[in-house]
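The structure under discussion appears below in the form of structure tokens.
In each ligand, atom 1 is the first atom listed, and ligand 1 is the first ligand listed. Just so it is clear, the values below take in all heavy atoms, side chains as well, and ignore hydrogens, waters and symmetry mates.
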Amino acid sequence: MEFLPFTRPSIDEETIAGVAEVLRSGWITSGPCAKQLEQELSQYFGGRAVRAMSSGTGALEIALGVAGVQPGDEVITTPLSWVATANVILRAGARPVFVDVDAATRNIDLERIEAAITPRTRALLPVDMAGLPVDRDRLYDIARRRGLRVIEDAAQSMGASWRGRRIGSFGDLVAISFHANKNVTTGEGGCLVLADAAETDLCTRLRLQGVVRSPDGGQEVEVAGGKHNLTDIAARIGLGQLKHLEAFTTRRRMLARRYFERFDTDSGCVLPLEDYANCNWHMFQVLLPLARMRIDRGGFIQAMHRRGIGVGVHYPAMHLFGLYRKLGYNPGDFPHAERIGSATVTLPLFPGMAAADIDRVCTAVAETIQGK
Ligand SMILES: *Cc1c(COP(=O)(O)O)cnc(C)c1O
């Protein structure tokens, strides 16, 4: 049987031909395709300003710059994310202040945020884990009352929504990733959605060396921008992907539903929150019942691999990494994040999967846990 990876992008032939056209056009870096992608994204996000980026990490770095996060500031975030989330805070010279996650959503626990706010807190940086949105009503209520900026790490949220509103179509600064594994991809890439015209202008400058061009051919530089622009080669992939976004999300939701229907509920695994209204099902993550298994997580992943099924780990709790231990974080600080981070596995879920693949994964998981 063919190996089933935990994810695989769906790129159609029209997109492949479109990329070839860009390559033959004589202009392969940021140009007409990147512009068009920004326009189509802006339409998708209800007319808000969008700037395409070479990565989701770049979008987050620029968002922190736009929000004015400075050395000495504190930024409140979750300990359970891809490490880019906390690294960008450190790279801005600020301190990541972790707040434990909620056991059910696996997202930052909004109940605990206010206790972590200090006079140095500048921004909240929540993550929509696996594309399950953080409660935007409560999030923005806290931000408004406490005078804080919000940088949404919506890297995984393309296609997700909150109470009928698309993630990215409202809120403060929203950073999205188009990494190869995300629901919409450009290979590598991302975008930042903004709410303010002056900040959009600053974002444009921070994206590419700070250069502002005048009609007479002159140039001016007032901020030291970086290099985060998206190539037309990548943008052309994104244009081909956007057309399928709705179908991708529908398909992912259907496959997730099948997991819930077919999963062996006696296995002891903890399944994700069953949310079909808001979640885009970026990943399907279960917590292994390690205490009653004869193998550890590594053994489980290897055994699944031998059965021809790819399994991922997203993610170990970040505060346990050496870099973050040096900031004074210790094991035991965030029990939910640690428990989830050490037991989580990502099972295959992507639009190109067949329903029968889900059944195959469910059988393999149940048998592997039983030690068969
Ligand atoms: C993917 C991801 C990022 C980074 O996006 P890149 O495009 O890989 O730079 C940041 N945060 C989270 C939660 C992600 O999943």
Side-chain angles (χ1 to χ4, degrees), residues 6-9 34 37 41 50-65 69 75-92 96 98-99 101 105-108 123-134 139 150-160 167-168 171 173-193 206-207 226-231 233-235 237-238 241 252 272 279-285 312-319 321 323-324 337 340-341 344-346 349-350:
F6 73 83
T7 191
R8 187 168 57 207
L37 181 64
L41 286 167
V50 178
R51 291 295 176 267
M53 301 284 169
S54 54
S55 71
T57 306
L60 284 169
E61 286 188 357
I62 290 182
L64 288 161
V69 172
V75 177
I76 294 178
T77 193
T78 169
L80 197 63
S81 181
W82 174 228
V83 72
T85 304
N87 282 350
V88 294
I89 298 170
L90 278 183
R91 289 175 63 81
F98 296 118
V99 168
V101 298
T105 64
R106 304 171 187 168
N107 285 331
I108 193 166
L124 307 177
L125 203 164
V127 175
D128 301 325
M129 189 63 159
L132 178 72
V134 167
L139 173 68
V150 176
I151 295 153
E152 298 182 20
D153 183 341
Q156 304 181 5
S157 315
M158 195 66 192
I167 295 301
L173 295 159
V174 185
I176 289 173
S177 169
F178 301 138
H179 176 265
N181 288 353
K182 301 296 182 351
N183 288 23
V184 162
T185 186
T186 58
E188 297 283 357
C191 71
L192 183 62
V193 191
L206 288 174
R207 179 173 61 175
K227 179 76 167 102
H228 296 293
N229 56 301
L230 186 70
T231 69
I233 303 169
I237 303 173
Q241 289 275 289
R252 283 176 178 275
C279 188
N280 67 4
W281 296 102
H282 169 57
M283 294 188 276
F284 195 88
Q285 300 175 301
V313 172
H314 308 92
Y315 305 91
M318 295 185 289
H319 67 285
F321 291 142
L323 178 64
Y324 294 91
I340 294 167
T344 189
V345 288
T346 304
L349 180 63
F350 54 90

Proximal ligand 1 atoms for [X], defined as those under 4.0 Å from one of its heavy atoms:
X	value
Gly189	7 (O)
Tyr315	15 (O)
Val127	13 (C)
Ser81	13 (C)
Gln156	13 (C), 14 (C), 15 (O)
Gly56	5 (O), 6 (P), 7 (O), 9 (O)

His314: ring-ring contact (aromatic ring centres under 6.0 Å, His included) partners, not counting sequence neighbours: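 Expected list: Phe6.
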Atom 5 (O) of ligand 1 [closest protein heavy-atom partner, distance rounded to 0.1 Å]: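 The closest heavy atom on the protein side is Ser177 OG, 3.3 Å.
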Identity and separation of the nearest protein heavy atom to atom 12 (C) of ligand 1: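 It is Ala155 CB, 3.4 Å.
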Contact check: Asp153 vs ligand 1, nitrogen or oxygen atoms, below 3.5 angstrom: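 Right, the criterion is met.
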Straight-line distance of [X] [atom1] to [Y] [atom2], nearest 0.5 Å:
X	Y	atom1	atom2	answer
His179	Thr57	NE2	OG1	9.0 Å
Thr78	Phe98	OG1	CZ	8.0 Å
Tyr315	Thr346	OH	OG1	7.5 Å
Thr77	Ile89	OG1	CD1	4.5 Å

Side chain, backbone, both or neither: Lys182 near ligand 1, heavy atoms under 4.0 Å: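 The answer is the side chain.
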Ligand 1 versus Thr57: contacting region, heavy-atom distance under 4.0 Å: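 It is both backbone and side chain that touch ligand 1.
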Qualifying residue for side chain to side chain contact (heavy atoms under 4.5 Å, CB included) with Pro126, from Val99, Thr85, Val150: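 Answer to the side chain to side chain contact (heavy atoms under 4.5 Å, CB included) test with Pro126 among Val99, Thr85, Val150: Val150.
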Ser157 side chain near Ile176 side chain, heavy-atom distance below 4.5 Å: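 A side-chain contact is absent here, since even the closest heavy-atom pair is not under 4.5 Å.
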